[in-house]
*Asks:* 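The following block contains the structure, expressed as structure tokens.
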Amino acid sequence: MQLKQLPEEFKQALPILTTITTAGFEAYFVGGSVRDTILNKPIHDVDIASSAYPAEVKNLFKKTVDTGIQHGTVMILDHGNGYEVTTFRTESGYQDYRRPDQVTFVRSLAEDLMRRDFTINALAMNAEGIITDLFGGLTDLKNHVIKAVGDPTARFHEDALRMMRAVRFSSQLNFQIETKTKQAIASQSELLTKIAMERIHEEFVKLMLGQAANQGVEQLISTNLYQYLPGLNEQVAKLQPLVQQKFELANENQVWSFLAMTLKISVQQISGWLKQWKTANKTVKDVTTMVQLLMVMEKQTVSNWDLYVAGKQNVVDALAVSQWLAMPYQPELIQEYDQLMITQKNQLTISGKELMQYQVVTAGPMLGKVLSYLEQQVVAGNLPNESESLVTAAKKYVQEK
Ligand code: ATP
Ligand code: MG
């Protein structure tokens with residue numbers, strides 16, 4: 001197969017390939033970008049594989065960065081773009097089910113393609129657009145199949161993360177996992193316990209953001225991988241709502257709050273649950289806020305204060321999630337948010353300092369209480385955000401206390 005029209009990203013990278021090949025080495029585009037181009041999907045990073053050793057690559061270009069030199073990867077900086085060039089390599093060892101004990105640089109493309117995970121990820125393309133396909137990847141792309149390169153049992157034994165990757169690609173591309181590949185996952189799913197949660201996390205979020213995410217969850221169940229995923233590992237019955245209907249999520253916060261609502265993980269449990277997943281602290285905070293808001297949306301009228309506390313992005317995300325849950329859709333909440341008198345405490349026209357100057361209150365715990373009261377009243381729309389009204393209301397509040 002030869003691609004006649006290369007996407008712009010490849011055209012820009014062509015001089016890199018020709019510099020390497022003119023020097024007498026081989027160089028190819030490899031991995032996800034080749035796969036996605038054949039599928040007519042937009043591509044992100046353009047990865048290059050070459051027979052040149054890292055030192056030889058570095059000799060050919062002015063600006064390079066050693067991004068992963070011990071694995072054979074050198075980044076070439078070219079007109080503001082960065083291209084990773086990785087020397088053809090083989091891997092061996094894998095005594096810990098996750099990382100090769102040794103990588104060996106080789107001069108043969110075939111050996112490099114052999115170490116790659118799935119046939120659709122083991123395609124290489126040269127500067128003329130000619131595709132090298134040693135494992136039937138083009139047919140599998142056409143038939144929408146995820147199939148391990150070589151013996152699937154051995155490949156998942158080498159690196160157990162590949163099992164999550166199989167399901168992740170199935171969700172992202174809406175492909176089926178080939179029978180033997182799937183059976184090998186099902187029989188070795190327990191090896192996932194050897195893999196760092198950070199890496200499982202990355203694949204899982206990509207899976208949940210995929211176009212066929214409900215199919216992805218279904219595969220997690222039928223391969224038993226779900227048993228090793230925090231919060232999903234309790235009862236299969238609880239996962240059924242995720243399988244039965246399609247859902248489309250746009251970011252990680254949406255993923256976790258959708259899951260918390262569907263799996264009935266309470267607000268109090270969220271932090272412990274997400275810590276197991278090793279999410280960022282900010283994610284824990286946002287998801288907790290979103291779930292709190294979604295619980296109100298489910299049962300009661302959302303107040304200005306609820307919106308204010310959540311913040312705009314969490315309101316937008318919670319609304320997006322709500323359409324996949326059994327609750328009324330309330331797009332008017334965005335407008336209501338935009339009409340809030342203030343969105344942050346420091347937008348109050350009066351400060352603590354001024355309240356003291358006007359002798360409404362002295363420094364101490366009462367000052368904080370007065371400011372919180374004013375904040376709530378302004379957000380609720382009970383008080384205009386202007387100093388005279390705020391001072392009067394503050395005086396009244398202090399007297400009544
Ligand atoms: P994405 O679109 O998510 O970037 P990708 O296929 O480019 O998809 P990467 O994780 O960026 O995935 O990896 C680039 C390539 O490296 C893959 O296409 C595959 O050939 C190879 N690869 C990545 N991870 C593994 C792995 N765990 N085992 C074997 N090969 C892998
Ligand atoms: Mg990639």
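Order of appearance sets the numbers: ligands from 1, and atoms from 1 within every ligand.
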*Asks:* Pull out every atom of ligand 1 sitting under 4.0 Å from any heavy atom of Lys206, numbered as shown with elements.
*Replies:*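 Numbered from 1, ligand 1 contributes 3 (O).
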*Asks:* Using 4.0 Å as the upper bound for N to carboxylate O, is an ion pair formed by Arg155 and Glu158?
*Replies:* yes
*Asks:* Using the six-membered ring of Phe88, assess whether NZ or CZ of Arg115 lies under 6.0 Å from its centre and within 45 degrees of the ring axis.
*Replies:* no
*Asks:* Any heavy atom of Arg168 closer to ligand 1 than 4.0 angstrom?
*Replies:* yes
*Asks:* Which protein non-hydrogen atom lies closest to atom 14 (C) of ligand 1, naming both residue and atom, and how far is it?
*Replies:* Asp47 OD2, 4.2 Å
*Asks:* With heavy atoms of His44 as the reference, note each atom of ligand 1 found under 4.0 Å away.
*Replies:*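 Selected atoms, number and element: 1 (P), 2 (O), 4 (O).
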*Asks:* Mind checking whether Arg155 has an N or O less than 3.5 Å away from an N or O of ligand 1?
*Replies:* no
*Asks:* Under 3.5 Å, is there a donor-acceptor pair between the Gln176 and Ser170 side chains?
*Replies:* no
*Asks:* Checking a contact table here: which protein heavy atom is nearest atom 15 (C) of ligand 1, and how many Å away?
*Replies:*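 The protein heavy atom lying closest is Arg116 NH1, 3.7 Å.
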*Asks:* Any carboxylate oxygen within less than 4.0 angstrom of a Lys/Arg side-chain nitrogen, looking at Asp338 and Lys312?
*Replies:*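 Lys312 and Asp338: salt-bridged.
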*Asks:* Begin from the C-alpha positions of Lys278 and Gln276 and carry the test side chain to side chain donor-acceptor pair (under 3.5 Å) through to its verdict.
*Replies:* CA-CA 5 Å; Lys278 310 267 188 209; Gln276 291 181 61; over 6 Å; no
*Asks:* Any atoms of ligand 1 less than 4.0 Å from a non-hydrogen atom of Arg115? List them with their elements.
*Replies:* 29 (C), 30 (N)
*Asks:* For Arg162, take its heavy atoms, then give the atoms of ligand 1 lying under 4.0 Å from any of them.
*Replies:*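 Near Arg162, meaning under 4.0 Å from one of its heavy atoms, ligand 1 has 26 (C), 27 (N), 28 (N), 29 (C).
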*Asks:* Could you tell me which residues satisfy side chain to side chain contact (heavy atoms under 4.5 Å, CB included) with Val302, sequence neighbours excluded, listed by chain and number?
*Replies:*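 By the side chain to side chain contact (heavy atoms under 4.5 Å, CB included) rule, Val302 matches Leu293, Val296, Met297, Asp306, Leu307, Gln330, Leu333.
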*Asks:* Gly31 heavy atoms, cut-off 4.0 Å: which ligand 1 atoms fall inside?
*Replies:*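 The atoms of ligand 1 under 4.0 Å from a heavy atom of Gly31 are 18 (O).
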*Asks:* Can you tell me which residue and heavy atom of the protein come closest to atom 27 (N) of ligand 1, and the distance to 0.1 Å?
*Replies:*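 Heavy-atom neighbour on the protein nearest atom 27 (N) of ligand 1: Asp159 OD2, 2.9 Å.
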*Asks:* With atom 23 (C) of ligand 1 as the reference point, say which of Met164, Arg165, Met163 has the nearest heavy atom.
*Replies:* Arg165
*Asks:* Which bit of Lys41 is near ligand 1, meaning a heavy atom under 4.0 Å away: side chain, backbone, both or neither?
*Replies:*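 Within the 4.0 Å criterion, Lys41 makes no contact with ligand 1.
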*Asks:* If I take atom OG1 from residue Thr288 and atom CH2 from residue Trp256, how far apart are they, to the nearest 0.5 angstrom?
*Replies:*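 Spacing of OG1 (Thr288) from CH2 (Trp256) equals 13.0 Å.
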*Asks:* Name the one of Arg165, Arg168, Arg162 that satisfies salt bridge (Lys or Arg N to Asp or Glu O under 4.0 Å) with Asp117?
*Replies:* Arg165
*Asks:* Yes or no, since that's all I need: does a protein heavy atom fall within a distance strictly under 4.0 Å of atom 2 (O) of ligand 1?
*Replies:* yes
*Asks:* Taking atom types as modelled and ignoring hydrogens, do the side chains of Asn224 and Tyr226 form a donor-acceptor contact shorter than 3.5 angstrom?
*Replies:*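 Not at all, the side chains of Asn224 and Tyr226 share no donor-acceptor pair under 3.5 Å.
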*Asks:* Specify side chain, backbone, both or neither for Phe156, according to which of its non-hydrogen atoms lie closer than 4.0 Å to ligand 1.
*Replies:* neither
*Asks:* Grab the two heavy atoms, one from Leu383 and one from Ser389, that are nearest each other, plus how far apart they are.
*Replies:*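 Distance-wise, the nearest heavy atoms are CD2-O, 4.2 Å.
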*Asks:* Provide, to 0.1 Å, the distance between atom 19 (C) of ligand 1 and the closest protein heavy atom, together with that atom's residue and name.
*Replies:* Asp117 OD1, 3.5 Å
*Asks:* Backbone or side chain, does any N or O of Ser33 fall under 3.5 Å from an N or O of ligand 1?
*Replies:* no
*Asks:* How many angstroms lie between atom CD1 of Ile146 and atom CD1 of Ile120, to the nearest 0.5 angstrom?
*Replies:*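 If we round to the nearest 0.5 Å, Ile146:CD1 and Ile120:CD1 are 4.0 Å apart.
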*Asks:* How far is atom 8 (O) of ligand 1 from the closest protein heavy atom, and which atom is that?
*Replies:*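 Scanning the protein heavy atoms, the shortest distance from atom 8 (O) of ligand 1 goes to Arg35 NH2, 3.4 Å.
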*Asks:* Is it the case that the ring center of Phe29 lies less than 6.0 angstrom away from the ring center of Phe10?
*Replies:* yes
*Asks:* I need the nearest protein heavy-atom contact for atom 20 (O) of ligand 1: residue, atom name and distance, please.
*Replies:* Asn121 O, 2.9 Å
*Asks:* Below 4.0 Å from ligand 1: does a non-hydrogen atom of Phe169 turn up there or not?
*Replies:* yes
